[in-house]
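A note on names: the letters A, B, ... follow the listed sequences, proteins ahead of strands, and every chain is numbered from 1. Since we're looking at a predicted model, the values are computed, not measured.
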Amino acid sequence: MVLFGLLLLPILPLLLYFIVRPRPLNIPIKNRHVFITGGSMGIGLAIAKQAAEEGARISLLARSLDHLEKAKQSIWEAYKVEVSTFPADVRDYDAVEHAINRAGPIDVLVVNHGVYYFEELEKQGVDVVKAMIDVNLMGSFNVIKAALPSMNKDRKHKGPASIALMSSMAGQVGTYGFAAYSATKYGLRGLAEALQQEVIGNNIHVSVIFPPVTETPGIEQARKTMPEITKTILDSTVEMTAEEVAKVTIKGIKSGSFSIPCRLDGRALAMATAGLSPQRSFLMASIEVVFAGLFRFVGLLFQWNWYRIIEKNNSSRKNRSPEVSGD
Amino acid sequence: MLIFIILAPIFLLLLYFIVQPQAVSIPIKGRHVFITGGSSGIGLALAHKAISEGARVSLLARSLSKLEEAKKSLHLAYGVDVGIFAADVRDYDAVKRAIVEAGPIDVLVVNQGIFVPQELEKQDMDEVKLMIEVNLVGSFNVIKSALPLMKGRKDSRPASIALMSSQAGQVGIYGYSAYSASKFGLRGLAEALQQELISDDIHISVIYPPDTETPGLEEERKIRPKMTEMIAGSGSVLKAEEVAKKTLDGIKSGSFSISFRMEGQMLTIATAGASPQRSFLIAFFEVLFAGISRIVTLLFLSNVYRSITKSHAI
């Protein structure tokens, strides 16, 4: 029995080596044009710095000219590299198209902008929900659509290109308080899986990044207003710094990985939620196959833990105000 | 072999205690079922099934004339009157008015949807916007409108919110970037929402049908890109009645994910991820077959990308 298993062990990776498509590849960063939306702060700025350090030409798009100027300053001070800045709201297709055309042909498009407000859907305003969908999802479509024509042109001579989308672990599993945000981050996955099939023929490679809660000015703000239960669930995870996320992102983009998880817990979640996402690495594919069952089990354990937290929280609320219960 | 026989029941027992949320049974008879996109296709088939099981049905859709046709055909078939409400799901205020007028809802079926397949590079941004706004924003509008009354309901029995996704909401396919984005989004919404509503005894179901024989499908097939047809066209096409029956059965058992036929089940197992699973038996199979599932998935993807490469080489 054990012998059988041992014989099988090398056969699986070998088999997968021949099966997995699309194939792995290398996408260089040095001397190439990296265009980052939401690039003036947080993860976007960290990615810009990382790419600048690796010798890329950088363009940043964001809403606030002020923040863009500050970002441009800080990158110049650190790397003596001049970045181009483009103020625009991603919800405005014409403004985005205008900016992208001015920036020039793009090699690596990092669709990183995003807004988030964590609240029970019942309490959250419809305008807030719409804002998240408009910016995070529709805005991403605008950016990609505007960039595609120039990214497609002359690709044979310019080498492989990348479109990287900033999702979130909330785009792998929906959690209390994240209804609208998870919807947008899940949406980016659907977009990415379809898009990759459409653009692979033009040597454009899609990546989706799934960071955990990251230390940014944005998350500090969100912490103040998020529901108790959301806080409890998030507190059980360890935050990453924007620099760590940026490093992992650039590395993943360079290897053309479709799913770019961060850290071990992120990788486990990525394997559990691999679903029908492409996997270029036959080694990763082997691990996914062998441990798929275990990862599904872990996924179920996570749900068990969350529902326990929710139950505990809800029963403690009922105990505090017994006359409010509706039966 | 012996080890497996001993371990299996222990594992089953473990899963029995772990799976959350717990299993539930949601009655349909005598209860109020509110269906958006209910004037045609799957929505109308659902209305038929729900009425035949003794439910009181309300339909929401854009076209008043289509709603009246549906109302007539249902009255003809069952001698029962359904409430009809004309509203565009993108208009929150109109949806809210309709839902308040319809009265407290026990089973909310968020079924409206538009699908226009095309390569993103060629697609009109207005079409992308339409799909996101109707399929995703519209669903938020419907759910938010219904929530206050559903949470404060006097009926102490469990309630349900069912969201019509699609197999394109489990895997993104060539030509469906906007449609898949909107349908994937429904899943994120559902997983989060279930955690928020479990204490109110409201249970979420996400339905993942394959291509279904509806007027909508006919239109869509006419404009489908060739590559899309090659990749997605080989699956089964179901009748709306079959989808309606399985959907209602799934809603009644409070299943979080509702899929169809063998291929649908496999797809759901492959994409189970960290989704809740209320049935410890199904959880057992998900864990057991996850590995094989992943291999089948990788084979499928390999095939898809080979076809794409081949078609570009021509």
Side-chain angles (χ1 to χ4, degrees), chain A residues 16 19-22 93 120-122 126 129-130 133 137-138 141 144-145 148 171-176 178-179 182-187 189-195 197-198 200-201 269 272-273 275-276 278-279 285 288-290 292-293 296-297 299-304 306-307 310 314 327, chain B residues 18-21 92 119-121 125 128-129 132 136-137 140-141 144 147 156 169-174 176-177 180-185 187-193 195-196 198-199 270-274 276-277 283 286-288 290-291 293-295 297-299 301-302 304-306 308 312:
Chain A
L16 288 172
I19 287 179
V20 293
R21 293 276 188 287
Y93 180 77
E120 288 96 340
L121 182 61
E122 186 199 355
V126 270
V129 172
K130 192 161 199 295
I133 294 178
L137 197 51
M138 204 54 223
F141 272 101
I144 295 172
K145 173 84 178 168
L148 272 178
Q172 298 173 300
V173 58
T175 321
Y176 194 107
F178 280 64
S182 280
T184 66
K185 293 307 187 177
Y186 256 91
R189 273 182 63 184
L191 157 56
E193 285 183 5
L195 187 67
Q197 295 182 8
E198 292 173 21
I200 188 97
L269 188 57
T273 58
L276 266 80
Q279 175 54 265
E288 283 172 1
V289 169
V290 171
R296 176 51 177 155
F297 183 65
L300 292 167
L301 278 173
F302 267 99
Q303 288 291 352
W304 173 72
W306 291 329
Y307 279 94
I310 290 164
N314 286 321
D327 40 28
Chain B
I18 284 180
V19 294
Q20 290 287 342
Y92 177 76
E119 291 95 338
L120 181 60
E121 191 187 350
M125 284 318 271
V128 174
K129 203 160 197 275
I132 304 278
L136 194 52
V137 181
F140 274 98
N141 286 344
K144 271 201 68 69
L147 267 183
S156 64
Q170 296 176 296
V171 54
I173 296 279
Y174 189 111
Y176 284 150
S177 60
S180 283
S182 69
K183 292 306 192 178
F184 262 75
R187 181 173 161 174
L189 156 58
E191 286 180 357
L193 196 62
Q195 293 188 2
E196 293 174 21
I198 190 72
S199 63
T271 57
Q277 176 51 261
E286 284 175 355
V287 171
L288 215 60
S293 209
R294 186 59 179 154
I295 294 182
T297 293
L298 290 165
L299 278 165
L301 284 169
S302 182
V304 167
Y305 279 96
R306 272 180 231 253
I308 293 173
H312 275 275

Participant: Which one of A/Ile200, A/Val290, A/Leu16 has the most heavy-atom pairs closer than 4.5 Å to chain B?
Facilitator: A/Ile200
Participant: Side-chain donor-acceptor pair under 3.5 Å between A/Tyr186 and B/Glu191, yes or no?
Facilitator: yes
Participant: Can you tell if the side chain of B/Gln195 reaches within under 4.5 Å of the side chain of A/Gln303, non-hydrogen atoms only?
Facilitator: yes
Participant: Need one label for B/Ile198: side chain, backbone, both or neither, based on atoms under 4.5 Å from any heavy atom in chain A.
Facilitator: side chain
Participant: Donor-acceptor pair, B/Lys144 side chain versus A/Val126 backbone, under 3.5 Å?
Facilitator: no
Participant: Using a cut-off of under 4.5 Å on heavy-atom pairs, state which of A/Gly299, A/Gly275, A/Ala292, A/Ser182 scores highest against chain B.
Facilitator: A/Gly275
Participant: Relative to chain A, which segment of B/Val304 carries a heavy atom at a distance below 4.5 Å: side chain, backbone, both, or neither?
Facilitator: side chain
Participant: Measure the spacing between CD of A/Gln197 and CD of B/Glu119 and express it to the nearest 0.5 Å.
Facilitator: 11.5 Å
Participant: Please look at A/Ile133 and chain B and tell me whether the side chain, the backbone, both or neither of the residue comes under 4.5 angstrom of a heavy atom of that chain.
Facilitator: side chain
Participant: For A/Thr175, which atoms come within 4.5 Å of any heavy atom of chain B: side chain, backbone, both, or neither?
Facilitator: both
Participant: If you compare all heavy atoms of A/Ala194 against all heavy atoms of B/Ile173, which two are closest, and at what distance to 0.1 Å?
Facilitator: CB-O, 3.3 Å
Participant: When you compare the side chain of A/Leu300 with that of B/Val287, does any pair of heavy atoms fall below 4.5 Å?
Facilitator: yes
Participant: For A/Leu269 and B/Ala274, work out which heavy atoms get closest and say how close.
Facilitator: CD1-CB, 4.3 Å
Participant: Heavy atoms only, distances under 4.5 angstrom: which of A/Ala285, A/Gly201, A/Pro22 has the most pairs with chain B? Name it, please.
Facilitator: A/Pro22
Participant: Can you list everything that forms a side chain to side chain contact (heavy atoms under 4.5 Å, CB included) with B/Ala270? Sequence neighbours excluded, please.
Facilitator: A/Leu276, B/Ser293, B/Thr297
Participant: To check you understand the geometry: which heavy-atom pair defines the closest contact between A/Val289 and B/Arg294, and what is its length?
Facilitator: CG2-CG, 3.8 Å
Participant: Would you give the length of the straight line joining atom CD1 of A/Ile310 to atom CD of B/Glu196, rounded to the nearest 0.5 angstrom?
Facilitator: 8.5 Å
Participant: Considering only heavy atoms, which portion of A/Leu191 lies under 4.5 Å from any heavy atom of chain B: side chain, backbone, both, or neither?
Facilitator: both
Participant: Shortest non-hydrogen contact from A/Gly293 to B/Ala290?
Facilitator: N-CB, 3.4 Å
Participant: Quick one: closest heavy-atom pair of B/Ser180 and A/Gly190, and the distance?
Facilitator: CB-O, 3.8 Å
Participant: Which heavy atom of A/Arg296 sits nearest a heavy atom of B/Ala272, and at what distance?
Facilitator: NE-CB, 3.4 Å
Participant: Side chain from CB out, backbone as N, CA, C, O: work out which of these in A/Tyr93 comes under 4.5 Å of a heavy atom of chain B, or both, or neither.
Facilitator: side chain
Participant: Would you find a donor on one side and an acceptor on the other, under 3.5 Å apart, between the side chain of A/Lys145 and the backbone of B/Met125?
Facilitator: no
Participant: Name the region of A/Leu121, side chain, backbone, both or neither, that has any atom closer than 4.5 Å to a heavy atom of chain B.
Facilitator: both
Participant: At what distance, to the nearest 0.5 angstrom, does CG of B/Leu193 lie from OH of A/Tyr176?
Facilitator: 10.5 Å
Participant: Using a cut-off of under 4.5 Å for heavy-atom pairs, which of B/Gly172, B/Ala190, B/Pro276 has the most such pairs with chain A?
Facilitator: B/Gly172
Participant: For B/Lys129, what residues pass the salt bridge (charged side-chain N to carboxylate O under 4.0 Å, His left out) criterion, not counting sequence neighbours?
Facilitator: B/Glu133
Participant: Checking heavy atoms, do the side chain of B/Tyr174, its backbone, both or neither come under 4.5 Å from chain A?
Facilitator: both
Participant: With only heavy atoms counted, which part of B/Leu298 is less than 4.5 Å from chain A, the side chain, the backbone, both or neither?
Facilitator: both
